[in-house]
Amino acid sequence: MSNVAIALILREIADLLEIKGDNPFKIRAYRNAADIVGNHPHALAVLDAAQLREIPGIGKDLAVRIRDIATTGDTAVHRELIAEFPARILDLLGLQGVGPKTVAVFYRDLGVRSLADLERAAADGRIRALKGMGAKKEALILKALEERRRRTGRLLLSDADAIATSLIAYLQDAVPGAGLTPVGSLRRGRDTCGDLDLLATDGDASLMDAFVRAPRVERVLARGETKSSVLFDRAFQADLRLVPAESRGAALQYFTGSKAHNIALRDRAVGFDCKLNEYGLFRLSDEARLAGESEEAVYRSLGLDWIAPELREGRGEIEAAATGRLPRLIQRSDLKGDLHMHTSETDGSDDIRAMATAARESGLDYIAITDHSQALAMANGLNEERALAHASRIRAVDRDGGIRVLAGIECDIKPDGTLDLADDCLAALDYVVASVHSAFNQDQRQMTDRLVRAIACPYVDVIGHPTGRLLLRRDPYPVDMEALVDAAVKHGVALEINAQPHRLDLNDAHAILARERGASLVISSDAHSRTGLAALRWGVAVARRAWLEPAHVLNSRPFEDFKAALRRNRQ
DNA sequence: GCCGTTTTCGGCCCGACTGTTTTCAGTCG
């Protein structure tokens with residue numbers, strides 16, 4: 001049972017307990033545990049109760065429940081709650097403006113058991129008759145139901161970034177002098193964003209006016225002096241907060257999150273006899289403001305080094321910051337090479353020289369051209385003959401314009417784990433990234449064996465996009481990541497962090513596992529055109545979330561060092 | 001349900017906005 005599946009059940013328990021009106025702190029404990037489990041880099045299903053208890057936030061009871069879920073697929077508390085409430089009742093919580101208390105009232109007073117029931121109740125005017133509700137609330141419910149049908153869900157990190165950039169440009173145009181910064185999950189570099197959070201530090205009410213009138217705003221959820229929320233078309237939400245300049249740092253900290261990080265930080269503030277909110281760090285005894293103008297000062301006043309946003313996920317960053325053990329995170333400028341890209345020889349749109357020139361202009365010292373192999377016929381993949389001819393054309397470009405260009409290939413891993421091109425062909429190339437592009441429906445055992453067999457092939461240097469996921473479109477294929485990482489370490493094969501915004505594969509949790517086990521990593525763009533090279537920044541975001549330093553990433557090394565570190569060139 | 005430099009009991013992060021309210025509960029982040 002995967003961590004994500006366990007987390008799902010823990011979260012359902014929390015939601016149902018909340019509808020039931022149970023102890024809020026107990027609910028928080030379940031929700032907190034769901035976050036911990038869901039984000040944990042190791043498979044928790046294999047741990048026993050004692051090992052689970054060592055994880056902060058997991059105590060005696062939760063350890064037992066997690067064991068239950070891991071071994072039987074469920075736990076008694078959950079089964080009892082499911083029996084107590086209708087199966088579809090949790091759908092109601094997904095509606096804007098509907099929380100657990102409201103769900104409880106709908107269920108108790110109106111017998112609402114599903115979204116369809118709620119829609120009928122609202123249409124019949126039965127909502128307005130409830131205590132504490134009126135015609136306005138009823139209309140909001142109908143609106144929320146309508147929006148839910150059109151909702152597209154989360155946004156890719158790159159899309160969220162693009163929307164934030166244009167929204168900020170619009171606001172700065174409307175209110176010159178306004179200082180605006182993206183915060184929330186976008187600033188933390190999460191692979192997808194559920195909404196968009198913006199922080200403004202200079203500006204007045206006119207900024208809020210401009211915000212709620214931004215292009216494509218469909219509905220204003222809230223409009224205040226310091227806080228507004230809107231829904232864009234396709235029901236994508238954005239929030240804007242305005243704070244005074246002296247609170248900029250505290251607000252940046254607060255609105256960047258994550259929730260788990262903030263709770264831990266505030267808990268720490270309490271230990272310092274202080275209170276931390278979005279306006280500053282205040283001493284409880286006399287309300288004196290100890291920090292607030294800069295994020296650095298907020299952290300410093302709590303005895304912590306400044307923590308990069310990508311680390312703020314409650315993965316031990318506060319302990320590391322307290323003891324001076326934060327990593328020197330990798331940056332885009334640390335990357336000297338890009339090791340996965342396609343040309344017009346297969347499914348790319350630019351030729352070798354165009355890719356090399358663009359890479360040089362983006363500051364890289366070396367690249368590998370890695371077109372597809374023959375199994376990917378759809379992409380006009382290369383057979384041995386074409387691959388070798390392509391390689392000689394690539395080598396003809398090597399060193400031109402001051403950039404080294406390796407003749408590589410992205411070789412398909414066939415369903416049985418053998419490679420798509422003959423060994424002598426692979427041996428004649430400079431670099432091989434091996435990837436799965438077919439037979440995604442294999443079970444975990446087959447897929448793991450398949451990848452481990454590919455890793456054992458002596459001509460494979462890197463495993464490309466190791467889980468095959470396409471964000472918001474296709475789940476990862478099942479693979480035992482620990483076995484994969486261990487095999488990679490054993491054979492000196494590197495694992496790719498594919499920087500395509502819809503892949504970001506490995507993800508952050510897998511990259512943490514790889515780092516902890518001592519695997520080498522590469523960050524590659526998988527560009528299919530010159531402009532695609534810019535995707536490296538998204539891969540760097542994943543790497544930073546995984547606490548990676550330059551030393552963990554092969555393509556942060558100078559060319560000769562990098563080349564010597566490749567599996568094929570060792571010993 | 002978790003946790004412990006004051007604690008094995010009694011705490012547990014903090015504030016803005018809305019709707020239906022005569023002083024606040026619920027939702028959200």
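Since the structure is predicted, the reported quantities are computational estimates derived from the model, not experimental observations. First the proteins, then the strands, lettered A, B, ... as listed; each starts at 1.
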Kindly write out the residues that satisfy side chain to side chain donor-acceptor pair (under 3.5 Å) with A:His510, not counting sequence neighbours, or none if the list is empty.
-> A:Asn507

Look at all strands and tell whether A:Ile27 reaches a base, only sugar-phosphate, or nothing, counting heavy atoms closer than 4.0 Å.
-> nothing

Considering only atom C1', compute the distance from B:dC3 to B:dT7 and round it to an integer number of Å.
-> 10 Å

Thinking salt bridges, do A:Asp91 and A:Arg88 make one under a 4.0 Å N-O criterion?
-> yes

A:Asp61 or A:Val98, whichever maps to the more 5' nucleotide of DNA chain B = A:Asp61

So where does chain A start and stop touching DNA chain B, 5' to 3', when the test is distance under 4.0 Å to a non-hydrogen atom?
-> B:dG1 to B:dG29

Any ion pair linking A:Arg315 and A:Asp508 (charged N to carboxylate O, less than 4.0 Å)?
-> yes

Taking atom P in both B:dC13 and B:dC17, compute the distance separating them and give it to the nearest angstrom.
-> 23 Å

Could you name each residue pair satisfying ring-ring contact (aromatic ring centres under 6.0 Å, His included) that touches residues 15-34 of chain A, not counting sequence neighbours?
-> none

Counting any heavy atom closer than 4.0 Å, what does A:Asn23 reach on the DNA or RNA strands: base, sugar-phosphate only, or nothing?
-> base

Residue pairs passing the ring-ring contact (aromatic ring centres under 6.0 Å, His included) test where at least one lies in residues 95-127 of chain A, sequence neighbours excluded | A:Phe85-A:Tyr107

Expressed in whole Å, how much space separates the C1' atoms belonging to B:dT6 and B:dG10?
-> 12 Å

Using the C1' atom in both, what is the distance from B:dA25 to B:dT21, to the nearest Å?
-> 9 Å

Please determine, for B:dT8, whether a Watson-Crick or G-U wobble partner exists with both distances under 3.5 Å, and give it or none.
-> none

With sequence neighbours excluded, give me every salt bridge (Lys or Arg N to Asp or Glu O under 4.0 Å) pair touching residues 265-282 of chain A.
-> A:Arg241-A:Glu278

Residues at least two apart in sequence or cross-chain that pass salt bridge (charged side-chain N to carboxylate O under 4.0 Å, His left out) with A:Arg188, listed by chain then number, are A:Glu313

What distance, rounded to whole Å, do you find between the two P atoms, one in B:dG26 and one in B:dT20?
-> 14 Å

Looking only at atom C1', what distance separates B:dT8 and B:dG4, rounded to whole Å?
-> 8 Å

Could you tell me whether A:Arg28 contacts a base, only the sugar-phosphate backbone, or nothing, with contacts defined as non-hydrogen atoms closer than 4.0 Å?
-> base

Within the structure shown, what part of the strands sits under 4.0 Å from A:Arg65 by heavy-atom distance: base, sugar-phosphate, or nothing?
-> sugar-phosphate

What distance, rounded to whole Å, do you find between the two C1' atoms, one in B:dT23 and one in B:dG19?
-> 14 Å

Mapping A:Lys131 and A:Ile263 onto DNA chain B by nearest heavy atom, which one lands closer to the 5' end?
-> A:Ile263

With sugar-phosphate meaning primed atoms plus P, OP1 and OP2, does A:Pro56 contact a base, only sugar-phosphate, or nothing at under 4.0 Å between heavy atoms?
-> sugar-phosphate

Contact class for A:Phe255 vs. all strands (heavy atom < 4.0 Å): base, sugar-phosphate, or nothing?
-> nothing

